[in-house]
Structure formats: structure tokens, C-alpha cells
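Worth knowing before you read on, the calculation uses all heavy atoms, side chains too, and leaves out hydrogens, waters and symmetry mates.
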Amino acid sequence: MLYLPQHIPCAETLRSEGLEIAEYDLHHLPQHAGLTRILLLNLMPQKAVTETDLARMMAHAGTDVLLLPVMIEGQTYKTTPMEHMQAYYRYFGEVASQPWHGMLLTGAPVEHLPFEEVRYWEPLCRIMQWADSHLASTLYICWGAQAGLYHHYGIPKYGLPAKRFGIFRQNALLPQSPLLTGLSPFFLMPHSRHTEVRRHDIEAHADQGLQLLAFGPESGVGLVASADLRRVFVSGHLEYEPYTLHNEYHRDLRKGLPIAQPEHYYDEAEHVIFSWKTDALQFYRNWVLWVKHHAHDNDL
């Protein structure tokens, strides 16, 4: 069962897909034993889309999960109405003193900026520090992964000559990792980004316990984690539903932006191939169950 804020639009979407969804009062969070409590720090512009994508992953985890969307104090939003944020989100500072087990930290459309120039960089760093001492694991996604690697290890991001856009094979380098249990040795991952982190920078921090779990021959670094899995970094978007890249491609075409057709995504008839679904669900299930086991074992 997945617990979501009352009346959040994605709840009905997920119910229509046959998933078990319960709703809670945003200011009276469920506390029952065995509930794995996950924060969602959603920095993506189309917040309702990201809510749906990540809630779907949590709903397939095979255990009871409470997902609470949180926002950073003092921020304003260009593409999501403030009414939506106030109805379904809590400020991080309002809930940080409560018991939490894991956090999802998304990407953001700020790749062109140095990290220190992102307007919410300082509070984000404080949240990342808090997560290290309060949570069993934080899952950093796309730009969020780059931000986490830079904050925790000083690993830089590099600009790409063209947008890395499509579905790319990831070779599992440490298949014994609990995060890769049940995934294929060559799993697929959607990517949509203008920057990257590089393998040699990851491997240079092996003495700090940083591990490269998956690498793509075309897309580069795929999955990185600390040895204790307290920090997990995903360079792409396993959570994406089938048509996200399709919609993004046509959006950029309409805007006249330089964009190539997403690679390894369409069949010969130009139909979308949902090739990453099984491995995506398995990866997120692995992460949630890791959080559940280690959070409750250690009374986090």
C-alpha cells in the first residue's frame, strides 16, 4: 500500500492502474509500525508528472510506503501553481524532526549553472547533510545525482557536446549489490541531460567507499553508491513512464531547439518501446526494501 497526501491528483491515476493507494491528511501523518517513510524533494519543473512517476515506483515496492512531498522554504515556482504546492507539500523544515527512513531527491533544469549559483544551493546542501545522519538512504536522480556527488565528494559535472537523450544500456559492474538484485546484467535506462560526471572521478574516490555499480558504453556513468548505500546516485531516469522522452522531443521541436530523436527508443514504425519497465520497477523495489530493512533494524 502506498500512502499519499489527500486528493493529490496522481492518486487516482495510480488507482486506475490497479495500484493500492491510501490517502492521509497532510498535517496528521500516519505513524503505524512497519510503514517505510520516504520524503520526496521534488525539484523538477512539472511537479505533478514527477510525483506520478515516483509514486508509481513506490506503489510497486511490495511494502507499505508513506511518500511525503517536501519543498524548500522560500522558493517560488514558475510552472507549478503555488496552490498545488500548498495543498500537497510540506516545508522540509516543518517535518525534519519527525522519523524518516529515506529520501528521493530529483533532478532540476539548472544544468547550465555552476552548483553554487543555483538559488537554493545552500539550503539543499543542508538537506543533503541532514539526510546523511538521519536516513538509511537517499536516492539522488539525474541533476540531483550530480549535485550530491559534487557536495559529498567534490566531483564536477562536465558539459556534453549534444544532449544525451534516449534509452541506453547500463552494464552492471557490481551485480552482487542489493540494488541490482533481479536486474538484467545489461539493463536499460532513460537519459535526458546536457551534462555528465565521469568514470575516472568516481573511481578516484574509491578510498572513500564510492562504488561504480553500472556504466553505459554510450551514456557513461549510470549508477553510483557509497559502500553502505546511504548515498545512491542515478544518472538517468528509471522512473520515467513510456512517453516522457517522446513528449520532451516534440516539445523541443516546437520550440525550435536543437534536438535529435531519442536514441534506442522507437521501433521501425516509430512506436515507443517501453524497454526499461521491468528493471526500473525492480531497482526501485530493491531500494525501498533496503531502506525498510536498514531503517527499522537501526531504529532510524
Side-chain angles (χ1 to χ4, degrees), residues 1-44 46-72 80-81 83-106 127 130-131 134-141 144 179 229 232 234 237-241 277 280-300:
M1 178 80 73
L2 174 64
Y3 293 77
L4 292 171
Q6 198 168 37
H7 306 309
I8 192 169
C10 67
E12 280 308 308
T13 300
L14 299 179
R15 286 195 188 101
S16 73
E17 298 173 8
L19 296 168
E20 287 190 277
I21 306 297
E23 298 180 34
Y24 60 82
D25 184 323
L26 199 62
H27 296 281
H28 297 89
L29 304 181
Q31 301 285 346
H32 62 264
L35 185 61
T36 301
R37 295 162 57 89
I38 305 292
L39 295 170
L40 168 58
L41 183 55
N42 185 0
L43 305 175
M44 293 287 276
Q46 301 297 332
K47 298 196 186 300
V49 172
T50 302
E51 292 157 14
T52 304
D53 287 346
L54 288 168
R56 181 182 293 111
M57 296 294 106
M58 299 297 99
H60 278 280
T63 190
D64 288 346
V65 175
L66 181 147
L67 186 65
L68 176 67
V70 292
M71 54 185 169
I72 298 172
T80 300
E83 292 79 8
H84 181 95
M85 305 302 293
Q86 292 170 338
Y88 310 121
Y89 284 62
R90 294 285 301 276
Y91 284 113
F92 172 80
E94 294 176 343
V95 299
S97 62
Q98 298 185 29
W100 297 99
H101 305 132
M103 181 167 66
L104 301 164
L105 197 161
T106 74
I127 291 171
W130 172 90
H134 289 79
L135 305 177
S137 184
T138 300
L139 182 55
Y140 299 84
I141 302 167
L179 294 176
L229 302 189
V232 179
V234 183
H237 288 281
L238 282 166
E239 77 281 2
Y240 272 0
E241 59 89 23
K277 177 180 179 180
L281 293 175
Q282 184 65 50
F283 172 79
Y284 273 94
R285 184 179 301 117
N286 290 345
W287 180 75
V288 171
L289 293 178
W290 171 271
V291 170
K292 176 183 177 69
H293 177 72
H294 289 80
H296 293 301
D297 273 4
N298 295 289
D299 294 322
L300 283 170

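- The line from CG of Leu289 to OG1 of Thr36 is 8.0 Å long, rounded to the nearest 0.5 Å.
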* Are Asn42 and Tyr88 close enough, and set up right, to give a side chain to side chain contact (heavy atoms under 4.5 Å, CB included), and what steps lead you there? -> CA-CA 12 Å; Asn42 185 0; Tyr88 310 121; over 6 Å; no
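- Contact check on Glu17 versus Arg56 returns a salt bridge, with a Lys/Arg side-chain nitrogen under 4.0 Å from an Asp/Glu carboxylate oxygen.
- The two atoms that bring Leu41 and Met71 nearest to each other are CD1-CA, 4.4 Å, heavy atoms only.
- Once rounded to the nearest 0.5 Å, the distance linking OH of Tyr24 with NE2 of His27 reads 10.5 Å.
- Considering Val288, Leu35, Val291 as possible partners of Val65, the one that fulfils the side chain to side chain contact (heavy atoms under 4.5 Å, CB included) test is Val288.
- Around atom NE2 of His28, no more than 12 heavy atoms belonging to other residues, nucleotides or ligands sit under 6.0 Å away.
- Each of Ile38, Leu26, Leu40 was compared with Leu68 under the side chain to side chain contact (heavy atoms under 4.5 Å, CB included) criterion, and only Leu26 meets it.
- Distance check: His134 NE2 to Leu39 CG gives 11.0 Å after rounding to the nearest 0.5 Å.
- Heavy atoms only, all atoms of each residue included: Leu29 and Arg37 are closest at CD1-NH2, 4.1 Å.
- Of the inter-residue distances, the one linking Leu19 atom CG with Met1 atom CE reads 11.0 Å to the nearest 0.5 angstrom.
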* To do: Go through Leu54 and Tyr284 one step at a time and tell me if the side chain to side chain contact (heavy atoms under 4.5 Å, CB included) criterion holds.
  => CA-CA 9 Å; Leu54 288 168; Tyr284 273 94; 3.6 Å; yes
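- Across all non-hydrogen atoms, the minimal contact from Glu23 to Pro5 is OE1-O, 4.1 Å.
- Here the CD1-CG distance, from Ile21 to Leu2, works out to 4.5 Å after rounding to the nearest 0.5 Å.
- In terms of heavy-atom proximity, Ala131 sits nearest to Met103 at CB-CE, 3.9 Å.
- Contact check for His101 versus Leu135: no side-chain heavy atoms found under the 4.5 Å cut-off.
- Between the side chain of Asp53 and the main chain of Tyr240, no donor-acceptor pair closer than 3.5 Å is present.
- For the side chain to side chain donor-acceptor pair (under 3.5 Å) with Tyr89, the lone residue among Glu51, His84, Lys47 that qualifies is Glu51.
- For the atom pair CG of Leu4 and CG of Leu67, the computed distance is 6.0 Å after rounding to the nearest 0.5 Å.
- In this structure, the side chains of Phe283 and Val234 come closer than 4.5 Å at one or more pairs of heavy atoms.
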* Mind running side chain to side chain contact (heavy atoms under 4.5 Å, CB included) on Leu104 and Trp287 for me, showing each step along the way? => CA-CA 11 Å; Leu104 301 164; Trp287 180 75; 3.7 Å; yes
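- Proximity of Thr80 to Met85: side-chain heavy atoms (C-beta onward) are separated by under 4.5 Å at one or more points.
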* side chain to side chain contact (heavy atoms under 4.5 Å, CB included) assessment of Leu66 paired with Trp100 -> CA-CA 10 Å; Leu66 181 147; Trp100 297 99; 3.7 Å; yes
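- Across Asn286 and Leu179, no two heavy atoms sit closer than the pair ND2-O, 2.9 Å.
- Listed here is the closest heavy atom pair of Ser137 and Leu229: OG-O, 2.7 Å.
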